[in-house]
Asks: 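The following block contains the structure, expressed as structure tokens.
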Amino acid sequence: MFAVFHVTDENGNKLTDESVLRYIEQSLGTYNSVRTDRFTGLTALELTGTDRPGLLSEVFAVLADLQCNIVEAKVWTHNGRIASLIFVKDVDSGSPIEDSQKISKIEGRLRNVLKGDNDIRGARTTVAMANVHTERRLHQMMFADRDYERKSFIETPVSSPEVTVQNWLERGYSIVNVECKDRRKLLFDVVCTLTDMQYVVFHATIDSRKDRAYMEFYIRHTDGSPISSEAERQRVIQCVQASIERRASEGVKLELCTGDRQGLLADVTRTFRENGLNVARAEISTTNSDMALNVFYVTDAAGNAVDAKTIEEVRQRIGLNNLIVKETQTSYTKGDDTESAGVGGAMLLSLGSIVRRNLYNLGLIRSYS
């Protein structure tokens, strides 16, 4: 096996932090799956359904009413669908919620909220094991929910990632080429979906120029065969595009840092809803010192950019020092081919033992041998 990685930090600078370098070395050299314990003592709720403005506000309001303290959560929306993993504990006891009657009540209330009056495919709520890789699981949930299927009323964005698929019959491979805006965790997102589709990546080349990423994957089915039909080829294109778009919802990035309290998320997202803001993506976390560190990507109700006046009105209501505007997400519009060192560096590899070992640790493959 031969693998070379040229990497930088997210700002394109050389990695100099020894702790980061040690972490990378340890991760690449670890054979056994390393699990985090930050979800110990929590109950994990999995939600999928039809997205709509204000939905997250209703979900958080239900959980607050049912005396569930939200400790961490991640929410993705894509193509009219929503998927969320929410980690909660009981408000009074601080323990995971294990009472079967209360669990059934939570599931039923949340399912009714998710269904609403505009449910086009069906909602699902499940209490799951808390010891999961959150982003890995979100990919699985959205793929199972078929978020890659575009309905007639949802047009394909002009800025969608460019994905092509062709067969190299002489060698028995299918070749997937991707061009899109570069960003963190891009490779992870694509490999997750190829794995969910029961493909094995044998070789890959990844490069970046300025803010563009170029990836080429040589894949086969788990039985060793390449893609066999035009319908399957189109499905691969749709699924890879979806895997890239899920994490890159456009919108204004807002960071909320304040003391945590019961009902905080319900109040904040209600304020968003009352001011016509829709949450396209969210990352919720709580520190050991009971500080809420939350990130929201917001658009208007139609998914368009929000005007600065509305954002400032929301900040006034929530607290100018608590809610900070960080950045505006950019799209996938195709860039030029100017040769330049990209922020993500370059990589040529055969996905052998090192990479396979780490995919195994994340649950992407069943064996690293």
Asks: Given the rule in the side chain to side chain donor-acceptor pair (under 3.5 Å) test, do His133 and Gln140 qualify, once you have shown the distances and angles that lead to the verdict?
Replies: CA-CA 11 Å; His133 188 284; Gln140 292 175 327; over 6 Å; no
Asks: Charged N to carboxylate O below 4.0 Å: is that the case for Arg109 and Asp65?
Replies: yes
Asks: Are the charged groups of Asp189 and Arg183 less than 4.0 angstrom apart, N to O?
Replies: yes
Asks: When you look at Asp90 and Ser93, which way does the side chain to side chain donor-acceptor pair (under 3.5 Å) test go after all the steps?
Replies: CA-CA 6 Å; Asp90 183 74; Ser93 66; 3.1 Å; yes
Asks: Fit a plane to each ring of Trp168 and Tyr173, take the angle between them on a 0 to 90° scale, and name the class: parallel (under 30°), tilted (30 to 60°) or perpendicular (over 60°).
Replies: tilted
Asks: Would Arg220 pass as a cation-pi partner of Phe202, given that its NZ or CZ must be under 6.0 Å from the six-membered ring centre and within 45 degrees of the axis?
Replies: yes
Asks: Using 4.0 Å as the upper bound for N to carboxylate O, is an ion pair formed by Arg281 and Glu283?
Replies: yes
Asks: Can you name the side chain to side chain contact (heavy atoms under 4.5 Å, CB included) partners of Ser285, sequence neighbours left out?
Replies: Glu72, Leu293
Asks: Salt bridge check: are Asp182 and Arg209 linked by an N-O gap of less than 4.0 Å?
Replies: no
Asks: Is the shortest distance from a Lys or Arg side-chain nitrogen in Glu58 or Arg270 to a carboxylate oxygen in the other one below 4.0 Å?
Replies: no
Asks: Looking only at side chains, do Ser174 and Asn167 share a donor and an acceptor under 3.5 Å apart?
Replies: yes
Asks: Going by side chain to side chain donor-acceptor pair (under 3.5 Å), name the residues that satisfy it together with Gln238, two or more places apart in sequence or in a different chain.
Replies: none
Asks: Quiz question: by atom type and distance under 3.5 Å, do the side chains of Thr134 and Arg136 form a donor-acceptor pair?
Replies: no
Asks: Just wondering, are more than 12 heavy atoms of other shown residues or ligands nearer than 6.0 Å to CD in Glu230?
Replies: yes
Asks: Could you tell me which residues satisfy side chain to side chain donor-acceptor pair (under 3.5 Å) with Glu216, sequence neighbours excluded, listed by chain and number?
Replies: Tyr218
Asks: Ion pair present between Asp51 and Arg81, side-chain N to carboxylate O less than 4.0 angstrom?
Replies: no
